[in-house]
Amino acid sequence: MAYIIHTAQEMNLTVVARGSIFDVFFTPNNFIWLPILGFEPLMIFCIEPVARLYATYPHINKKMVGKQKWLEKVFVTPSVHRVHHAKNHIYLDRNYGETFSFWDRIFKTYQTELLDEKIQYGIMHDKLKRTSFWNVQFLMWKELWIDVKNTPKLSDKIKYLFMSPGWNHIDGGKKAKAYRDNAWKNRVKTITV
């Protein structure tokens, strides 16, 4: 459901409040299992609001907070999070960390904000009407349903639910890595020419 948050055309504090009408069902899954794993419920109750409050900071507009190189080595800063919200091909599927940026370095999903690559916010979808509440909330669900319904094999129907965005049953589709690789190749060509 993160795509709803990513439909914003600029980064500001309203992005923090954007969400899906389905969040009420999905958000509890982020922490409901923690007591079963041995975490103290009181600790979860105290830390969750702190994490939500910290999540506001990375959404501050670029005009207010620029790059903070020393801080982004450990924490998710506005610069690190701007990359996460970008639709530029070079930035796709990067910087998932919510508080600590070192997780993205460990999982090799970290990308610094490039000084010569202006961030374009939003998602790579040409049919999404960002001004329509219903379109933003349901278009992707509708398209997923059509894909699942129109594929003949049960195994492909299941794959539509679990494979990464861009996957399709016809030719495998074009996923974020292919877009990124192509963007990096074009960037190198531009620099060397």
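Numbers here are sequence positions counted from 1. Keep in mind the model is a prediction, meaning the values are calculated, not measured.
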Do you know the tightest heavy-atom contact between [X] and [Y]?
X      : Y      : result
Tyr57  : Thr77  : CE2-CA, 4.0 Å
Lys157 : Thr151 : NZ-O, 2.8 Å
Phe39  : Met43  : CD2-CE, 3.3 Å
Asp116 : Arg187 : OD1-NH2, 2.7 Å
Pro165 : Lys175 : O-CG, 3.7 Å
Ser101 : Arg105 : OG-NH1, 3.1 Å

Quick one: does [X]'s side chain get under 4.5 Å of [Y]'s, heavy atoms only?
X      : Y      : value
Lys153 : Lys159 : no
His59  : Pro78  : no
Phe138 : Lys142 : no
Phe31  : Ile47  : no
Pro35  : Glu40  : no

Determine yes or no for a side-chain-to-main-chain donor-acceptor pair under 3.5 angstrom, with [X] supplying the side chain and [Y] the backbone.
X      : Y      : answer
Arg180 : Leu92  : yes
Tyr54  : Val76  : yes
Asn88  : Glu117 : no

Full working for side chain to side chain contact (heavy atoms under 4.5 Å, CB included) between Trp141 and Ile146: CA-CA 9 Å; Trp141 286 109; Ile146 290 168; over 6 Å; no
How long is the gap from [atom1] on [X] to [atom2] on [Y], to the nearest 0.5 Å?
X      : Y      : atom1 : atom2 : answer
Ile158 : Met163 : CD1   : CE    : 12.5 Å
Ser79  : Ile60  : OG    : CD1   : 12.5 Å
His85  : Ile123 : NE2   : CD1   : 12.5 Å
Ile90  : Asn182 : CD1   : CG    : 10.0 Å

Whether Phe22 and Phe25 hold their rings parallel, tilted or perpendicular, with breakpoints at 30° and 60°: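 Taking Phe25 first and then Phe22, their aromatic rings sit tilted (interplane angle of 30° to 60°).
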Flag for [Y]-[X]: side-chain donor and acceptor within less than 3.5 Å:
X      : Y      : answer
Thr112 : Lys67  : yes
Asn168 : Asp171 : yes
Tyr96  : His84  : no

Shared hydrophobic cluster for Trp184 and Tyr179 (ILVMFWY, side-chain gaps under 4.5 Å): no
Hydrophobic cluster identity match, Val80 and Phe75, side-chain contacts under 4.5 Å: no
Is the [atom1] atom of [X] crowded by more than 12 outside heavy atoms at less than 6.0 Å?
X      : atom1 : answer
Leu161 : CG    : yes
Phe107 : CZ    : no
Gln111 : CD    : yes

Trp103 ring center within less than 6.0 Å of Tyr110 ring center: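 Here the rings of Trp103 and Tyr110 have centres that are no less than 6.0 Å from each other.
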Those residues that, when tested against Lys62, pass side-chain hydrogen bond (donor to acceptor under 3.5 Å, both in side chains) (two or more places apart): Glu113
Worked check of side chain to side chain contact (heavy atoms under 4.5 Å, CB included) between Trp167 and Asp156: CA-CA 10 Å; Trp167 181 87; Asp156 286 337; 3.8 Å; yes
Asp181/Lys177 ion pair, N-O < 4.0 Å: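 Salt bridge present between Asp181 and Lys177.
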Tyr121 six-ring centre to Lys87 NZ/CZ under 6.0 Å and within 45° of normal: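 Verdict for Tyr121: no cation-pi partner in Lys87.
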The single option from Asn95, Asp104, Asp93 passing side-chain hydrogen bond (donor to acceptor under 3.5 Å, both in side chains) against Thr109: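 The single option meeting the side-chain hydrogen bond (donor to acceptor under 3.5 Å, both in side chains) with Thr109 is Asp104.
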